[in-house]
Amino acid sequence: MRLLTLIRTACLFLAVAILTVAGTVRAADPRPTETASTPHPAQTYIDRAAAAVRARPEDSVRDTQAALKILANQPNADLEIRARLLLCDHLSERDKAAAEAEVAKARALLPRATRRGLEAGVLNCEGTILETVSENARARELYEQAVAVATRAQDDEMLAASLFARGYLLGLQGQYATGLADLKRGQALYEELDLPHHSLTALNGIAILYNRMGDYAQARYMYDQALKVQREAGMYREQGVTLHNLGRAHENLREWDAAQAAFQESYDINRQLNYPRGEAYALRGLAAVKNAKGDPNGALQTLEQAMVLQRQTPDARLNAQIQLARGVALHRLRQLPASAEALQAALGVFRQADSLSELRATYGELAAVLSDMGDWREGYAHLLNAQETSERMFRNQVDQRFATLKVEFDTAAKEKENALLVRENNANQLALAEGQRARNWQRAVIVLTVVLIVLLGILAWHQWRSTRRMRTLAMTDELTGVPNRRAVLTRLAPLLQQPNPPSCAMLIIDIDHFKSINDQHGHAEGDEALKAVARELREDVHEPAFIGRLGGEEFVVAIPGADYDRAYRLAERFRESVMSIDTRRWLNDRRITVSIGLTMAKSTGDTPSTMLQRADAALYDAKRAGRNCVKVQLPAPESEAPAPMKPGQVEFA
């Protein structure tokens with residue numbers, strides 16, 4: 001889950017802290033009512049509103065509105081900007097248009113502000129609004145501008161807030177090393193400014209990056225530590241956010257009971273605070289636990305509540321996460337079209353946000369749903385997308401872990417080097433000792449790097465085996481795009497094994513003189529002939545019938561529920577349809593024809609293998625009869641003569 005709430009809170013707390021740092025009116029301010037010993041009457045309300053953001057958001061809104069009433073009579077640009085930013089924080093996850101209106105009012109006040117770093121706060125709030133609706137590219141541009149503005153203004157508080165916002169978004173986009181550097185730098189600035197609650201917010205952001213990098217145990221530990229401090233400090237709203245993030249860490253570790261407890265406590269807190277967005281995120285987590293525990297009906301009921309709450313916020317990624325969980329639950333309940341629709345809706349948002357872990361999960365689930373629906377081609381395509389996303393995420397995690405390790409090593413080495421230079425002036429012996437420590441650290445890092453390379457090699461080998469297994473199990477013929485022999489026989493076998501199996505026909509369709517096509521026109525033209533026949537047959541075969549390629553130039557069609565007359569008519573239609581294929585583009589001297597062998601399933605005891613044998617024997621009868629015709633071989637009942645041939649079924653020249 002994104003920590004947008006904490007990003008906005010950090011920005012606004014920094015803005016409120018300006019009044020405490022300033023303390024008095026600047027000498028250039030001409031208003032006689034504001035003196036060094038008389039703070040503005042709105043300041044108390046704004047300070048109280050900023051503190052309430054972490055505990056009771058509705059109290060924060062009430063105090064902010066009270067401050068704005070005072071500012072209407074006693075204007076102060078700096079204080080009004082801070083008040084507008086507090087409202088922007090509250091509205092950005094509830095009403096996008098209202099939040100944008102507050103930003104516009106704050107920006108209009110900037111020319112009259114005495115604190116130049118406030119512009120960074122306005123930029124951060126604009127970026128937060130865009131990030132909420134998954135416009136991450138534009139949000140990042142605004143965070144970059146905010147960092148530059150705060151740096152020029154030498155405003156460490158605003159710089160720390162901007163670094164936090166940018167670092168979190170970089171982590172969301174998979175740039176873990178750079179994002180981690182921003183978050184750690186922001187945390188260091190907060191500690192220097194003696195702002196422990198802001199430092200705790202940065203620590204939560206760091207934990208989120210570890211969670212995204214796959215270090216779920218480390219993230220879980222950091223959330224537990226943050227939660228203890230928040231409980232002691234009475235940061236009620238922040239507890240709800242941290243509990244949800246802790247639940248996500250347990251979810252990634254598949255610790256379902258612990259995840260359920262964390263999500264439930266988060267939901268209870270957010271419900272007491274009347275915080276719909278937090279409630280919806282917690283309900284999504286509870287639904288994921290129910291899916292994992294085999295209760296898809298319960299998951300759908302929980303998600304219905306989450307969807308009602310989600311409509312009260314413009315958070316696009318929240319909606320996508322809910323749709324992903326719905327798709328999983330509907331798949332479990334075999335409501336396949338509804339499942340596919342929900343997963344497609346989630347897929348669009350995750351693609352826009354480039355959220356790799358959620359993309360991988362969505363592609364994988366959608367591949368399974370489409371395959372169960374019989375859409376093997378699309379299912380296989382999404383399976384490849386899931387595999388590609390997984391490999392991309394894996395490579396990115398590897399690269400970013402190495403980059404993070406290098407940043408940490410370079411930082412540590414530089415700190416050691418500076419310490420050495422300082423101490424060298426006092427004692428050369430101490431400097432040599434520090435140098436030895438630095439080398440020991442370097443060796444330790446090298447050893448850890450080697451260990452990491454070995455572990456990554458094992459993971460890569462495991463990934464290779466998984467890929468090979470999935471490709472082996474793929475049931476789609478690569479050339480024609482229709483199911484292969486294994487797919488057809490796998491689907492046919494259960495039908496024949498039923499206690500009272502329905503009537504079922506089987507056709508083996510063989511392209512006449514296919515070898516001569518290859519010999520005279522080349523294998524490329526032969527492939528085109530196979531594809532053309534496959535397309536024609538696929539258009540004519542409708543559920544519950546299904547088609548597959550046996551191999552070479554042979555195709556098989558199974559027709560459950562068909563009696564002999566209907567099966568024979570369908571075989572003739574297939575034969576005539578193939579003859580209608582326009583081959584002038586690549587076979588200008590002939591048309592494609594097919595020979596067809598037809599058989600019917602026995603009432604009991606038949607198998608795909610025995611049906612194939614009879615259909616194949618009928619096919620050879622068709623070839624001996626001159627090809628381009630339909631021949632039949634029915635299973636002869638015991639003590640009975642073979643069934644009479646249908647009049648006119650011998651051949652069609």
Side-chain angles (χ1 to χ4, degrees), residues 8-92 98-129 142 145-146 149-162 165 193-195 197-198:
R8 291 191 290 272
T9 301
C11 298
L12 296 170
F13 260 84
L14 292 175
V16 172
I18 294 172
L19 185 58
T20 304
V21 174
T24 61
V25 179
R26 299 178 184 269
D29 196 328
R31 288 170 289 187
T33 58
E34 296 175 22
T35 66
S37 59
T38 307
H40 194 286
Q43 179 177 335
T44 301
Y45 287 95
I46 292 177
D47 289 342
R48 197 162 62 193
V53 166
R54 295 177 182 267
R56 302 282 179 180
E58 296 300 325
D59 293 348
S60 174
V61 173
R62 185 187 62 247
D63 286 335
T64 302
Q65 291 172 343
L68 287 173
K69 289 181 180 179
I70 295 172
L71 289 166
N73 297 320
Q74 301 181 47
N76 181 298
D78 288 6
L79 289 176
E80 186 171 349
I81 289 172
R82 288 194 284 275
R84 298 295 178 190
L85 292 179
L86 282 167
L87 288 178
C88 174
D89 170 60
H90 184 79
L91 294 169
S92 61
E100 290 172 340
E102 294 300 329
V103 169
K105 293 174 184 177
R107 182 166 289 283
L109 291 166
L110 285 175
R112 290 187 282 145
T114 57
R115 185 73 174 271
R116 307 320 307 173
L118 282 174
E119 183 181 357
V122 176
L123 289 166
N124 283 335
C125 206
E126 289 178 316
T128 297
I129 295 171
L142 293 173
Q145 295 176 36
V149 168
T151 301
R152 286 195 304 269
Q154 298 182 343
D155 190 325
D156 286 345
E157 293 179 48
M158 286 295 175
L159 177 58
S162 303
L193 295 167
D194 194 23
L195 295 171
H197 291 170
H198 297 73

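- Partners of E100 according to the salt bridge (charged side-chain N to carboxylate O under 4.0 Å, His left out) rule, which considers only residues two or more places apart in sequence or in another chain, are K96.
- Residues I70 and L79 form no side-chain contact, since every pair of their non-hydrogen atoms from C-beta on lies 4.5 Å or further apart.
- Among residues two or more places apart in sequence or in another chain, the side-chain contact (heavy atoms from CB on, under 4.5 Å) test is passed with A153 by R116, D155.
- In this structure, the side chains of M158 and R115 stay at 4.5 Å or more apart for every pair of heavy atoms.
- No side-chain heavy atom of R84 sits under 4.5 Å from any side-chain heavy atom of V103.
- When every heavy atom of G127 is checked against every heavy atom of L142, the shortest pair comes out as N-CD1, 3.6 Å.
- For the pair V122 and A106, the tightest heavy-atom approach, listed with the atom from each and the gap, is CG2-CB, 4.1 Å.
- Of the possible donor and acceptor atoms, one in the side chain of H40 sits under 3.5 Å from a partner among the backbone N and O of Q74.
- Residues satisfying the side-chain contact (heavy atoms from CB on, under 4.5 Å) test with A98, not counting sequence neighbours, are L91, D95.
- Residues in residues 63-72 take part in these side chain to side chain donor-acceptor pair (under 3.5 Å) pairs, two or more places apart or across chains: R48-D63.
- In this structure, the separation between CD on E102 and CG on D89 is 11.5 Å, given to the nearest 0.5 Å.
- A search for side-chain hydrogen bond (donor to acceptor under 3.5 Å, both in side chains) contacts involving R62 returns D59, not counting sequence neighbours.
- Looking only at side-chain heavy atoms (C-beta outward), I129 and E126 stay at 4.5 Å or farther from each other.
- No donor-acceptor pair under 3.5 Å is formed between the side chain of N124 and the backbone N or O of A146.
- Between I81 and L118, the shortest heavy-atom distance links the atoms CD1-CD1, 4.0 Å.
- Residues meeting the side-chain contact (heavy atoms from CB on, under 4.5 Å) test with V149, sequence neighbours left out: E119, A120, L123, R152.
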